[in-house]
Amino acid sequence: MGIKDSLRVMVVDDMATSRGLITQALDEIGIKNYVTENDGQNALGRLGSTPVHLVLSDYNMPGLDGLGLLKAVRSHQATKKLGFILVTGRPTPEIVSEAKKLGLNNMIKKPFTAASMKQCIESVVGRL
């Protein structure tokens with residue numbers, strides 16, 4: 001059993017289309033063990049009861065955005081060591097800088113391919 005068989009991922013994006021594109025890429029990579037949430041607040045609540053190894057979160061969401069979710073994840077003992085990848089269409093220098101300060105593991109720019117998503121994930125969790 002390889003890492004992609006045991007890897008648990010949470011996909012967080014307020015747009016159903018974007019969630020679909022991310023989960024489609026995960027399917028193509030061979031990662032089948034994932035859950036989805038449509039906002040940062042729900043994701044944070046669910047992380048307490050549904051532990052995962054990696055969070056793939058959109059940056060631009062109403063309420064708790066991707067950076068807010070990252071900050072919250074890093075501030076809780078049970079979740080602070082999770083892998084966290086920010087998914088964004090506009091990775092401005094300010095967003096990148098703030099994300100690094102908060103302990104971001106990696107970032108991927110939209111639009112992405114399954115191959116670039118795989119590379120991005122492997123940089124965080126190791127070879128799939």
Side-chain angles (χ1 to χ4, degrees):
M1 183 158 114
I3 190 168
K4 70 175 139 191
D5 297 318
S6 60
L7 186 67
R8 292 187 313 275
V9 179
M10 179 178 285
V11 175
V12 187
D13 198 310
D14 60 315
M15 305 273 296
T17 306
S18 295
R19 280 194 311 275
L21 290 170
I22 295 169
T23 57
Q24 182 180 1
L26 293 176
D27 287 337
E28 284 182 43
I29 294 165
I31 296 171
K32 305 288 185 205
N33 196 355
Y34 55 80
V35 295
T36 61
E37 279 298 339
N38 62 3
D39 72 49
Q41 203 59 54
N42 287 345
L44 191 57
R46 191 164 179 190
L47 282 170
S49 60
T50 309
V52 299
H53 301 107
L54 178 66
V55 175
L56 291 168
S57 176
D58 183 31
Y59 165 69
N60 190 13
M61 296 183 291
L64 189 62
D65 70 10
L67 290 182
L69 178 59
L70 172 59
K71 187 174 186 177
V73 162
R74 292 290 182 252
S75 68
H76 288 85
Q77 187 65 34
T79 59
K80 71 179 185 180
K81 292 192 169 138
L82 290 181
F84 200 104
I85 296 174
L86 197 62
V87 184
T88 181
R90 291 195 338 237
T92 66
E94 296 79 28
I95 293 171
V96 173
S97 173
E98 183 63 20
K100 284 181 178 173
K101 281 186 212 158
L102 293 172
L104 183 72
N105 296 97
N106 207 345
M107 182 178 288
I108 189 164
K109 186 178 185 307
K110 295 177 190 176
F112 52 82
T113 62
S116 63
M117 178 64 80
K118 181 178 182 194
Q119 274 187 317
C120 182
I121 292 171
E122 284 183 334
S123 75
V124 177
V125 302
R127 194 174 166 98
L128 294 172

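These numbers were taken from a predicted model, which means no experiment stands behind them. What's counted below: heavy atoms across the whole structure, side chains too, no hydrogens, waters or symmetry copies.
- For NZ of K32, the number of neighbouring non-hydrogen atoms (other residues, nucleotides, ligands) closer than 6.0 Å is greater than 12.
- Residue pairs meeting the salt bridge (charged side-chain N to carboxylate O under 4.0 Å, His left out) criterion with at least one member in residues 83-95: none, sequence neighbours excluded.
- Tracing side-chain contacts under 4.5 Å through hydrophobic residues (I, L, V, M, F, W, Y), one reaches I3 starting from Y34; they form part of the same cluster.
- Separating the CD1 atom in I108 from the CD1 atom in I121 is a distance of 7.5 Å, to the nearest 0.5 Å.
- When atom types are taken as modelled, the side chain of E122 and the backbone of R127 share no donor-acceptor pair closer than 3.5 angstrom.
- Applying the side-chain hydrogen bond (donor to acceptor under 3.5 Å, both in side chains) criterion to N60, with sequence neighbours excluded, gives no partner residue.
- To the nearest 0.5 Å, atoms CD1 (I31) and OG1 (T23) are separated by 11.5 Å.
- Hydrophobic cluster membership of L70, counting Ile, Leu, Val, Met, Phe, Trp and Tyr whose side-chain heavy atoms lie under 4.5 Å apart directly or via other members: M10, V12, V35, L44, L47, V52, V55, Y59, M61, L64, L67, L69, V73, L82, F84, L86, I95, V96, L102, L104, M107.
- Residues D14 and P62 share a closest heavy-atom pair of OD2-CD, 3.4 Å.
- The salt bridge (charged side-chain N to carboxylate O under 4.0 Å, His left out) pairs that include a residue from residues 61-87 number zero, where partners must be two or more places apart or lie in different chains.
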Worked check of side chain to side chain contact (heavy atoms under 4.5 Å, CB included) between I85 and C120 = CA-CA 8 Å; I85 296 174; C120 182; 3.6 Å; yes

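- Two residues are said to be in side-chain contact when any heavy atoms from C-beta on lie closer than 4.5 Å; M117 and I22 meet this criterion.
- In this structure, L26 and V11 have side chains that are in contact, with non-hydrogen atoms separated by less than 4.5 Å.
- Taking each heavy atom of D13 and R19 in turn, the nearest pair found is O-NH1, 2.6 Å.
- Residue pairs satisfying the side chain to side chain donor-acceptor pair (under 3.5 Å) criterion with at least one member in residues 106-118, sequence neighbours excluded, are listed as follows: D58-K110, N106-S123, T113-S116.
- To the nearest 0.5 Å, atoms OG1 (T92) and CD (E98) are separated by 10.5 Å.
- Screening residues 36-54 for salt bridge (charged side-chain N to carboxylate O under 4.0 Å, His left out) gives E37-R46 as the qualifying pairs, with residues at least two apart or on separate chains.
- Here the shortest heavy-atom pairing between S57 and G66 reads OG-CA, 3.7 Å.
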task = I would like to know whether L54 and R8 meet side chain to side chain contact (heavy atoms under 4.5 Å, CB included); could you show each step before the answer?
result = CA-CA 7 Å; L54 178 66; R8 292 187 313 275; over 6 Å; no

